[in-house]
Amino acid sequence: LPTDATIESVALAAMPRQTFYDASFAVADVAKIGPGAHPFTLEEVAVTVTYAGADGFSGQFECLLGLWDVGELDLVAGYSKETGWAFRGITPPGTELDVGKVVGHLGTAFGVKGDDVPEPIRTLTISGLDVGYETATRKFGFMFVGDFAVYQEPIEIQPAILVAPVDPQDTAKGYSYSFGGSIEVAHVEFDLGFSKQPASTTFVASVLETGDPYVVDLRRLVTSLSPALGSAVPGGLKLGLKSAKVAAIQAAGGRKLAAG
């Protein structure tokens, strides 16, 4: 926080007999993060530090992030040596979002080229935007939340545009970006991979479990992708899932899946 920030409020609580102590303060309009010419505004930062006897110290960091004309996001943060303070928040329910507009802002702020964004992301109808930021690495993550149709059935997908400074100590050197995300099928989280050809409408979701396999019900797994196909799978069949890939392919008559 800047040393000249104005503290708006302070709250202290103590119960010495229970060795419990709590201190919190709030600051308004305290910082800007991101690229120098197009920074984001951190507002209404609130910090709470608690000491509770044998449990030791704990803390919480909250703030509002002013995100272009998308609106304000409530962010909360946790701390680690690797990431510093790692903030994360999502747009409020009902926020109207346009992928093209968000990608345009990312282009202005970080140099993300619209033509590089994979077609499945550019054409996605989104209902939320999940934003993350790490103070140590200065990395940003912009994860879209939306639905895509497979066999006329909507499936939630969370593709992401990941932005990292070329040099965390000097963001003036610019940013690099990549594409990823996840999709959950029958409570199993698959990582998303996109073609290097942005115009391609195909993407792959994969999972690789190095420990104990996921135990999944085959009928439930297939039904999550297509209720019509799932109804043809006998019930009670369990799989120990170690690895799997699902490819979504845009074909005549709609999007199809290939799994293995």
| query | Is there side-chain contact between T91 and L73, with heavy atoms separated by less than 4.5 Å? | reply | yes
| field | 4.5 Å side-chain heavy-atom contact, P168 and T137 | value | no
| Got D217 and K238 here, is their nearest side-chain heavy-atom distance under 4.5 Å? | yes
For residues 110-120, dump all side-chain donor-acceptor pairs below 3.5 Å to protein atoms at least two apart in sequence or in another chain.
from: D116; atom 1: OD2; to: Y177; atom 2: OH; distance (Å): 2.6
from: E119; atom 1: OE1; to: R122; atom 2: NH1; distance (Å): 3.2
from: E119; atom 1: OE1; to: R122; atom 2: NH2; distance (Å): 3.0

| Does the side chain of F144 reach to within under 4.5 Å of the side chain of I161, using non-hydrogen atoms? | yes
| task | For the residue pair D130 and R88, establish whether any side-chain heavy-atom pair is separated by less than 4.5 Å. | result | yes
| message | When you compare the side chain of V131 with that of F87, does any pair of heavy atoms fall below 4.5 Å? | response | no
| said: Strictly by salt bridge (Lys or Arg N to Asp or Glu O under 4.0 Å), give each pair with a member in residues 176-191 just once, sequence neighbours left out. | reply: none
| query | Under the 3.5 angstrom rule, does the side chain of T108 hit a backbone N or O of G104 as a donor-acceptor pair? | reply | yes
| field | side chain to side chain contact (heavy atoms under 4.5 Å, CB included) between I157 and L124, worked out | value | CA-CA 9 Å; I157 186 174; L124 183 68; 3.7 Å; yes
| said: Would you say that more than 12 heavy atoms from the other residues, nucleotides or ligands in this model lie under 6.0 Å from the CD of Q18, or not? | reply: yes
| message | Just so I know, are the side chains of V145 and E156 near enough to count as touching, which here means a heavy-atom distance under 4.5 Å? | response | yes
| request: Answer whether the closest heavy-atom distance between the side chains of L106 and F140 falls below 4.5 Å. | output: no
